[in-house]
Number of protein chains: 2
Amino acid sequence: MKTLSIKDIAVEAGVSITTVSFIINGKARDKSISEAVIKKVEKIIAESGYKPNQIARSLRTGNSNIIGLIIEDISNSFFSRIARLIEDKAYKKGYKIIYSSTENNVEKAKELINMFKSRKVDGYIISPIKGLEEDIQQLLTDSKPVILFDRSLPGLDTNYVGADHFKATYESVESFIKQGRKKISLVTTDIDVQQITERLDGYKKALVDYGITYDENLVLKVYFNQEESETRAQMEKLFSNVETDAVLFATNYLAISGLKVLKQTKIKIGKNLSVIAYDDHEVFELHTPGISAVQQPLEEIAEAIIQLILRQLSSKTKLDNEQIVFSAKIIQR
Amino acid sequence: MKTLSIKDIAVEAGVSITTVSFIINGKARDKSISEAVIKKVEKIIAESGYKPNQIARSLRTGNSNIIGLIIEDISNSFFSRIARLIEDKAYKKGYKIIYSSTENNVEKAKELINMFKSRKVDGYIISPIKGLEEDIQQLLTDSKPVILFDRSLPGLDTNYVGADHFKATYESVESFIKQGRKKISLVTTDIDVQQITERLDGYKKALVDYGITYDENLVLKVYFNQEESETRAQMEKLFSNVETDAVLFATNYLAISGLKVLKQTKIKIGKNLSVIAYDDHEVFELHTPGISAVQQPLEEIAEAIIQLILRQLSSKTKLDNEQIVFSAKIIQR
DNA sequence: ATAAATAAGTAAAACGTTTTACTATTCAAT
DNA sequence: ATTGAATAGTAAAACGTTTTACTTATTTAT
């Protein structure tokens with residue numbers, strides 16, 4: 001069965017293609033098409049199950065009703081939850097999402113942007129990585145709506161939605177100190193994005209403010225692409241060698257690895273070692289003992305992203321960029 | 001800056017559009033274009049950064065190099081992991097994925113299929129729900145490649161990749177019985193797909209085979225869209241009222257809710273109550289005590305899906321449908 | 001009775017490709 | 001010298017829409 005085209009409908013109704021198009025797009029009344037014709041054509045469309053070819057539509061109009069979502073890794077629950085929320089909200093406005101994971105690989109990310117470009121997506125929601133500055137700038141120059149989230153890139157004037165990571169780690173360290181902890185460790189990644197450096201800065205600043213000297217040996221920077229076994233080995237060393245009495249994990253997957261390591265040792269979380277994880281996860285809630293975590297307001301972040309992008313999509317003029325930063329909350333467990 | 005078209009390249013190179021198109025598509029040698037022209041054009045393309053408009057390409061060729069992935073919920077870790085694996089493998093073959101979540105809503109799922117159709121995706125990977133039979137049949141009639149996974153729909157002759165759920169629940173119950181458990185409960189959902197009914201059947205059959213009478217009161221069917229608080233209340237009742245001594249959860253999100261409930265009670269997992277969850281999750285590994293789980297071979301499932309769909313995509317003739325069923329493994333913890 | 005305005009609708013160009021069928025030139029073989 | 005094939009390339013149609021500029025018939029205002 002050949003799929004129907006607008007022409008088939010036009011022939012069937014005995015009117016021109018133009019007329020059918022006007023009707024489909026709700027411009028019939030504007031263009032003074034009679035009620036009788038409108039009814040007739042609508043009936044034929046409904047009965048035939050005709051659906052406009054979006055590809056042809058895109059080619060002609062230059063837009064696609066698709067938003068491209070570029071994230072680090074869809075299998076990370078932080079991203080998959082955000083993705084779900086964004087998808088949901090976008091869907092209600094008639095937009096679809098195409099997503100892809102960068103795996104923190106600059107080349108892959110660039111390809112993704114290109115591929116989204118050549119598919120004429122209407123807007124971009126990106127959790128960026130270093131090295132993408134030029135490509136993103138190009139999108140901006142072409143005046144495509146772009147929203148960065150979770151991370152921003154210095155030197156790029158864009159819309160941004162994220163959380164106050166500096167404050168979150170600062171307060172985490174503060175809470176350790178108030179519990180009497182002295183040897184506070186940070187497990188973070190080497191990826192070079194503002195969000196991650198902010199976390200380190202907050203950590204350092206809190207130490208300094210409370211008169212504890214920063215000790216490099218207490219900071220573990222894990223490479224993003226390294227094997228989990230190696231990560232675990234490094235953590236094991238950190239937890240045992242030094243008499244660390246608190247550890248702050250800068251991402252949830254690091255915290256999960258860390259908890260696996262700790263499970264093998266005799267170290268008692270809460271007693272010998274206080275732990276705070278970043279980005280809440282069911283694991284932390286169900287763990288015995290419960291693991292405190294920095295919780296970003298996912299729902300609000302997703303809402304802000306979608307608001308911003310929809311606003312841009314529907315405005316003909318270039319709007320001012322906005323930076324929206326939410327406070328994260330420490331869930332004490 | 002207007003985006004470049006093939007015409008711009010043609011003009012710049014002083015050749016026809018046709019020639020440029022042949023070169024882009026690697027048909028130049030076939031079509032006897034001289035090396036000199038090929039080199040020249042390729043150079044111009046590289047320098048200008050021209051990228052073909054995929055929309056126009058799709059319109060002309062009728063395919064998109066996009067595979068549509070329809071799942072229940074991207075924020076469920078089972079699906080997000082599968083999605084990630086599929087995305088990865090598809091990407092390597094030059095295919096992109098568009099995904100969307102159905103939330104087990106038939107209407108939404110139908111709309112998604114339509115939207116994928118009108119975007120001319122080349123193939124469909126679907127974790128289906130009851131009520132989609134006709135729409136999927138239509139895709140098959142239009143001879144589009146379709147792979148169902150995780151669940152199949154009775155009466156539909158398609159490719160399918162999944163796990164042997166009957167066996168998995170059978171063995172789970174068996175393992176409970178061998179531990180001396182008698183009052184074995186099943187917490188499952190009401191969604192009416194084969195994969196879920198199979199799980200129930202395996203549970204029943206094992207009971208019967210071991211001479212335990214099936215007791216309806218021990219089976220809790222949770223509605224997919226109900227509030228988590230209600231689910232928890234129902235579970236609480238189940239765990240306390242009856243002297244249940246084992247519980248098998250038919251999905252990971254149900255198990256997670258269940259563990260949250262159990263955490264509030266004095267019931268000791270492993271002592272008063274044996275637990276097995278379905279679809280492994282970090283929570284189960286890290287839980288104290290560890291929670292046994294039925295683990296589907298995600299990597300193999302994803303690989304099989306992608307193999308099947310790529311094979312269909314590259315074959316001109318209609319291939320025989322295949323049903324690939326993997327054994328799931330019970331991870332004892 | 002006529003000009004102007006409105007109603008009802010359409011023809012055709014355009015979006016950016018791919019592909020078919022064609023032309024023109026050169027070369028090799030008889 | 002002529003034919004047939006190979007070489008090198010191109011013109012134009014087609015994919016399915018949207019949209020601009022137009023036509024024709026009817027109504028309204030004078």
Side-chain angles (χ1 to χ4, degrees), chain A residues 1-42 45 48-66 114-115 117-122, chain B residues 1-42 45 48-66 114-115 117-122:
Chain A
M1 191 203 64
K2 227 21 232 92
T3 75
L4 295 168
S5 81
I6 196 171
K7 191 172 171 191
D8 300 312
I9 305 294
V11 168
E12 168 98 15
V15 299
S16 74
I17 289 182
T18 309
T19 302
V20 178
S21 175
F22 285 154
I23 293 171
I24 290 171
N25 293 292
K27 300 189 177 164
R29 263 135 237 179
D30 268 18
K31 300 290 180 172
S32 61
I33 305 295
S34 68
E35 284 306 316
V37 170
I38 295 180
K39 284 279 160 292
K40 175 160 75 169
V41 171
E42 279 176 345
I45 289 177
S48 65
Y50 162 74
K51 296 273 187 282
N53 178 324
Q54 298 295 338
I55 303 270
R57 209 173 235 189
S58 285
L59 179 59
R60 172 62 227 226
T61 63
N63 45 45
S64 58
N65 274 18
I66 293 187
N114 273 329
M115 114 108 208
K117 245 192 209 173
S118 57
R119 292 239 143 70
K120 305 290 172 202
V121 304
D122 293 348
Chain B
M1 190 203 64
K2 222 30 227 84
T3 76
L4 296 167
S5 79
I6 196 172
K7 192 173 173 189
D8 300 311
I9 304 296
V11 168
E12 169 97 14
V15 300
S16 75
I17 288 181
T18 309
T19 303
V20 177
S21 174
F22 285 154
I23 293 172
I24 291 171
N25 293 292
K27 301 189 177 166
R29 263 137 238 179
D30 268 19
K31 300 290 178 171
S32 61
I33 305 296
S34 68
E35 283 308 315
V37 170
I38 295 180
K39 283 279 159 291
K40 176 159 76 167
V41 170
E42 279 176 345
I45 289 177
S48 66
Y50 162 74
K51 296 273 185 283
N53 178 324
Q54 298 294 340
I55 302 271
R57 209 174 236 190
S58 285
L59 179 59
R60 174 61 227 227
T61 63
N63 46 44
S64 58
N65 274 20
I66 293 186
N114 273 329
M115 115 108 211
K117 245 192 209 173
S118 57
R119 293 237 142 72
K120 304 290 172 203
V121 305
D122 293 348

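FYI, side chains are in, hydrogens and waters are out, and symmetry mates aren't considered; it's all heavy atoms of this structure.
Spacing between atom NZ of A/K7 and atom C1' of D/dC15 amounts to 12 Å, rounded to whole angstrom units. Between the P atom of D/dT7 and the CD1 atom of B/I38 lies a distance of 13 Å, rounded to the nearest Å. At whole-Å resolution of the value, CG in B/D30 and P in C/dT19 are 12 Å apart. A straight line from CG of B/N63 to C1' of D/dC15 spans 12 Å, rounded to a whole angstrom.
Listed nucleotides: C/dG9, D/dT17, C/dT17. Nearest to the side chain of A/I33: C/dG9. For B/P52, taking side-chain heavy atoms from C-beta onward, the closest of the listed nucleotides C/dT17, C/dT19, C/dG9 is C/dT17. The listed nucleotides are C/dG9, C/dT18, C/dT19; the one nearest the side chain of B/T18 is C/dT19. Nearest nucleotide to the side chain of B/V15, out of D/dT20, D/dA8, D/dT10: D/dT10. When distances run from any side-chain atom of A/L59 to the nucleotides D/dT18, C/dC15, C/dA8, the shortest one goes to C/dC15.
Under 4.0 angstrom from either OP1 or OP2 of D/dT18 there lies at least one side-chain N or O belonging to A/S21. Put simply, B/R60 has no side-chain N or O that comes within less than 4.0 Å of OP1 or OP2 on D/dA14. Considering only side-chain N and O atoms, B/Y50 lies nowhere under 4.0 angstrom from the phosphate OP1 or OP2 of C/dG16. Within the 4.0 Å cut-off from OP1 or OP2 of C/dG9, at least one side-chain nitrogen or oxygen of A/S34 is found. Applying the 4.0 Å criterion to OP1 and OP2 of D/dG16, one finds that A/S5 has every side-chain N and O outside that range. Close to D/dC15, at under 4.0 Å from its OP1 or OP2, lies no side-chain N or O of A/N53.
Interatomic distance, CG of A/L59 versus CZ of B/R57, reported as 13.5 Å (0.5 Å rounding). Between atom OG of residue A/S58 and atom CD of residue B/Q54 there is a gap of 12.5 Å, rounded to the nearest 0.5 Å. Expressed to the nearest 0.5 Å, how far CZ of A/R119 lies from CD1 of B/I55 amounts to 7.5 Å. Considering NZ of A/K31 and CD1 of A/I23, their distance stands at 13.5 Å, rounded to 0.5 Å.
Here the shortest heavy-atom pairing between A/Y50 and A/I9 reads CB-CD1, 3.7 Å.
Within the 4.0 angstrom heavy-atom criterion, base atoms lie near A/I17. Residue A/T61 is in sugar-phosphate contact alone, with no base atom involved, counting any heavy-atom pair closer than 4.0 Å across all strands shown. The residue A/K27 sits close only to the backbone: its heavy atoms come under 4.0 Å of sugar-phosphate atoms, none of a base.
Contact of A/S32 with C/dA8 (side chain to base): a donor-acceptor pair of N or O atoms is detected under 3.5 Å.
The 5' end of DNA chain D is approached more closely, in terms of each residue's nearest nucleotide, by B/S16 than by the other of B/S16 and B/A56.
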